[in-house]
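Keep in mind that this is a model prediction, so the values were computed, not measured. All values below were derived from every heavy atom in this structure, side-chain atoms included, with hydrogens, water molecules and symmetry-related copies excluded.
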Amino acid sequence: MVLYTTPFPNSCLSALHTVSWALIFPCYWLLDRLLALFIPVPCQKNQLLCIVLFMPIYLGLLVTSLPFAFLGFLFWSPLQCARRPYIYSWLEDKGPAGGAALLREWKGTGPGKSFCFATANVCLLPDSLARHNNVFNTQARAKEIGHRIRNGASRPQIKIYIDSPTNTSISAASFSSLVSPQGDGIARAVPGSIKRTASVDYKGNSGHHPSDEAANGLASGDAVDCSNLENACIVRIGGDEGGQHPEVDDPATGGQTRNGAGGGPRVQTPNHSQRDGDSGSLGSPSASRESLVKARAGLDSGSGEPGATYSKAPLKASAVKKAASRRKRHPDEVFDHEISAFFPANLDFLCLQEVFDKRAASTLKSQLHGYFEYILYDVGVYGCQGHCCYKCLNSGLFFASRYPIMDVAYHCYSNGKGFDSLASKGALFLKVMVGSTPQDQRIVGYITCTHLHAPEDDSAIRCEQLDMLLEWLADFRKSTSSSSTANPEELVAFDIICGDLNFDNCSSDDKLEQQHSLFTRYKDPCRLGPGEEKPWAIGTMLDKDGLNDEDVSTPDNLQNKSPGACQKGRKDVLKGNGRRIDYMLYAEEGLCPDWKAEVEEFSFITQLSSLTDHLPVAMRLMVSTGEEEA
């Protein structure tokens with residue numbers, strides 16, 4: 001399938017669209033600014049003074065721009081019939097983390113391979129609409145959201161082992177403040193007292209971007225080789241009070257680090273279980289990142305070469321006291337779950353909703369291309385195009401991938417009503433290639449990103465949209481499959497549905513959606529059954545009135561907030577910890593025979609605190625081939 005890199009089939013239509021939008025944009029921008037004046041935000045002072053000063057200016061310029069906007073609209077509106085439903089952007093990466101290199105990593109043999117998915121509603125609406133959700137400055141938020149996602153996903157994945165007779169190993173993919181990725185592909189050790197990964201000031205300083213601090217901590221000191229993101233940096237820490245020093249095993253000298261595709265002895269993965277302990281115990285699942293390292297003296301400068309060891313950093317176990325929400329495993333669970341201050345390391349696929357603003361989408365694309373090679377944005381339709389309601393906004397869907405995209409389809413829900421019908425909400429279907437077998441069979445995966453109808457009382461509409469989604473998905477898989485039972489040219493590794501479904505699994509008003517057949521075909525890792533959540537699941541819809549409160553305004557603070565305390569609920573009493581309306585579902589059937597998809601890790605992410613009114617969620621899925629490791 002040919003992917004569309006431009007919104008129109010020829011340059012003449014593209015030029016005409018550019019001119020028409022240039023005539024419309026001043027009127028659109030001025031109207032947005034005028035309406036925003038009357039919607040207060042927490043940081044705005046003297047709102048009345050702003051209205052008195054700026055309203056006459058905006059109003060006068062708006063009236064002046066109306067004739068030009070009307071002329072532009074006469075050309076712009078008919079052009080939407082020829083517009084393609086998305087724009088595909090590919091920024092080739094020939095490095096070891098590029099799409100071509102990733103395809104060579106997995107041949108469908110061995111024990112299997114894990115893939116990481118994330119979804120988030122980022123509320124990138126025109127500023128006057130975004131303010132209703134207590135977020136503002138859409139363009140600046142888009143840039144910061146892109147920075148935080150990129151820095152969180154591109155950080156090294158760290159495995160930490162505690163040498164102590166009383167404490168077990170700690171799974172430490174989230175304890176990433178020990179090293180920070182730099183532009184040269186080398187991770188730097190943090191000198192002196194190591195901060196928590198999210199304990200930073202997001203106001204920023206001159207010449208110092210806050211998101212870099214958020215994801216990386218302070219960047220200086222000894223170097224640790226983490227240039228290959230598929231390698232985990234191994235840090236060994238002595239837990240003796242006498243002051244044994246943490247060391248980093250040098251992969252070049254036969255240390256603990258191994259590439260997932262390489263040989264050598266295996267090391268413990270970041271998804272092993274932990275033993276309970278007190279809040280000061282390094283083995284406790286509630287131990288905070290400060291409880292890991294408290295250095296009383298700075299680190300020596302060292303050689304600066306990859307593989308150099310940490311030195312002279314005595315640990316003091318008595319400083320290990322503060323508890324935080326950490327990675328835990330419920331006795332009945334077979335996978336890890338956590339509230340994390342970061343997007344998962346080595347994130348493979350990202351699905352976003354409510355990227356409605358075109359300029360914000362372009363900004364987000366530019367930021368994320370530093371990590372994701374393949375991006376789809378500006379997804380949706382405008383105008384009528386057979387729909388009963390005129391579409392003023394696109395679908396808001398946005399997709400980014402480290403793996404090549406093979407096929408794409410978009411469908412708009414036709415049953416929206418009210419204000420929600422002004423946006424072309426729908427479903428984006430994608431087929432991605434994740435590897436190939438030695439027999440040249442393609443290994444593929446299917447991902448569906450969607451955003452359902454929002455008004456709370458319209459359960460029937462959402463159920464109809466779920467019916468449409470399943471029907472469209474079946475057609476997409478059938479039309480894009482080049483395999484047959486006798487000649488399997490493709491092997492399906494996974495089938496994922498994610499997005500903002502606008503209903504939860506606890507509210508009595510959502511019983512109709514909770515019992516939909518979607519949940520018999522796809523598995524929800526957070527759900528026990530209709531109306532019953534797993535005890536560790538929390539809500540993803542935040543209380544918009546408290547988004548800028550100090551106790552939830554940073555990733556660290558929001559992470560440490562008690563579950564449900566900052567969540568938004570319905571009027572009726574919820575049985576769970578708030579409204580979980582952002583979903584990550586996976587199929588256990590319809591995959592390659594003898595292959596099995598299992599959740600390895602599930603995360604609720606606080607890294608976008610104060611930037612959106614939703615909690616992103618992430619899932620790491622292990623695709624097992626049934627073969628023993630060689």
Side-chain angles (χ1 to χ4, degrees), residues 117-121 271 273 285-286 324-340 344 351 353 450-454 456-457 459 462-463 466 496-543 552 558-588 597-606 612-621:
F117 310 83
T119 181
N121 183 317
N271 300 296
S273 60
S286 63
S325 298
R326 271 283 46 83
R327 178 174 311 207
K328 301 178 182 179
R329 179 176 292 176
H330 192 270
D332 298 330
E333 290 292 1
V334 295
F335 60 88
D336 291 321
H337 49 83
E338 68 171 338
I339 302 174
S340 172
C351 301
Q353 300 86 48
T450 190
H451 189 185
L452 299 188
H453 192 68
E456 296 180 352
D457 297 331
S459 292
R462 281 188 290 273
C463 285
L466 289 176
I496 302 293
I497 295 178
C498 62
D500 181 354
L501 303 189
N502 273 313
F503 65 86
D504 61 69
N505 194 41
C506 292
S507 298
S508 58
D509 291 341
D510 292 336
K511 285 184 177 180
L512 196 61
E513 299 97 314
Q514 294 163 11
Q515 298 172 358
H516 194 274
S517 61
L518 171 73
F519 297 104
T520 62
R521 304 184 193 184
Y522 290 82
K523 190 169 183 179
D524 181 357
C526 302
R527 167 184 163 118
L528 289 173
E532 188 177 4
E533 294 279 80
K534 293 183 178 179
W536 49 265
I538 64 172
T540 59
M541 189 175 183
L542 303 177
D543 181 6
V552 296
L558 183 55
Q559 180 194 33
N560 293 331
K561 191 75 172 176
S562 59
C566 55
Q567 310 296 330
K568 180 178 180 180
R570 291 281 185 89
K571 294 179 180 180
D572 58 319
V573 178
L574 291 176
K575 293 180 286 185
N577 295 316
R579 298 197 67 206
R580 183 177 63 88
I581 64 174
D582 299 273
Y583 288 77
M584 186 73 70
L585 312 176
Y586 68 99
E588 294 182 309
E598 296 179 308
V599 178
E600 193 175 45
E601 175 185 314
F602 196 93
S603 304
F604 296 92
I605 302 163
T606 64
T612 179
D613 58 345
H614 286 244
L615 281 182
V617 296
M619 178 178 70
R620 198 176 296 276
L621 195 71

task: Check whether any side-chain heavy atom of Leu615 lies under 4.5 Å from a side-chain heavy atom of Leu558, and answer yes or no.
output: yes
message: Is it the case that the side chain of Asn505 and the backbone of Glu532 share a donor-acceptor pair, with hydrogens and angles ignored and the cut-off at 3.5 Å?
response: yes
Donor-acceptor under 3.5 Å (Thr606 side chain, Ser340 main chain): yes
query: Roughly how far, to the nearest 0.5 Å, is CZ of Arg620 from CE of Met584?
result: 11.5 Å
query: Just by modelled atom types, is the Cys506 backbone N or O under 3.5 Å from a matching donor or acceptor in the Arg579 side chain?
result: no
message: Please identify which of these residues, Thr119, Asp500, Thr450, meets the side-chain hydrogen bond (donor to acceptor under 3.5 Å, both in side chains) condition with Gln353.
response: Thr119
query: His453 versus Asn502: any side-chain heavy-atom pair under 4.5 Å?
result: no
- prompt: If you take all heavy atoms of Phe604 and Ile538, which pair is closest and at what distance?
  reply: CE2-O, 3.5 Å
- request: Please report the closest heavy-atom contact between Ala597 and Ala587, naming both atoms and the distance.
  value: CB-O, 4.2 Å
Gln514 (side chain) donor-acceptor with Ser507 (main chain) under 3.5 angstrom: yes
query: Do Ile497 and Tyr583 touch side chain to side chain, with heavy atoms closer than 4.5 Å?
result: no
task: Answer whether the closest heavy-atom distance between the side chains of Glu456 and Asp509 falls below 4.5 Å.
output: no
- prompt: Taking the six-membered ring for Trp, are Trp536 and Phe335 parallel (under 30°), tilted (30 to 60°) or perpendicular (over 60°)?
  reply: perpendicular
message: Is any side-chain heavy atom of Asn121 closer than 4.5 Å to one of Asp582?
response: yes
message: Less than 4.5 Å apart, side chain to side chain, heavy atoms only: is that true for Asp504 and Glu533?
response: no
query: Hey, does Cys526 have a side-chain heavy atom less than 4.5 Å from the side chain of Lys534?
result: no
field: Heavy-atom pair of closest approach, residues Arg462 and Leu501
entry: CD-O, 3.5 Å
- prompt: Do the side chains of Leu621 and Val599 get nearer than 4.5 Å, heavy atoms only?
  reply: yes
query: Is a side-chain N or O of Glu601 found less than 3.5 angstrom from the main chain of Asp336, in a donor-acceptor match?
result: no
message: Less than 6.0 angstrom from the centroid, inside 45 degrees of the normal: does Arg527 satisfy that with respect to the ring of Phe519?
response: yes
Worked verdict on Leu452 versus Phe503 for side-chain contact (heavy atoms from CB on, under 4.5 Å): CA-CA 9 Å; Leu452 299 188; Phe503 65 86; 4.1 Å; yes
- prompt: Residues in salt bridge (charged side-chain N to carboxylate O under 4.0 Å, His left out) with Lys511, at least two apart?
  reply: none
statement: Between Ile605 and Val617, the two heavy atoms sitting closest are CD1-C, 4.2 Å
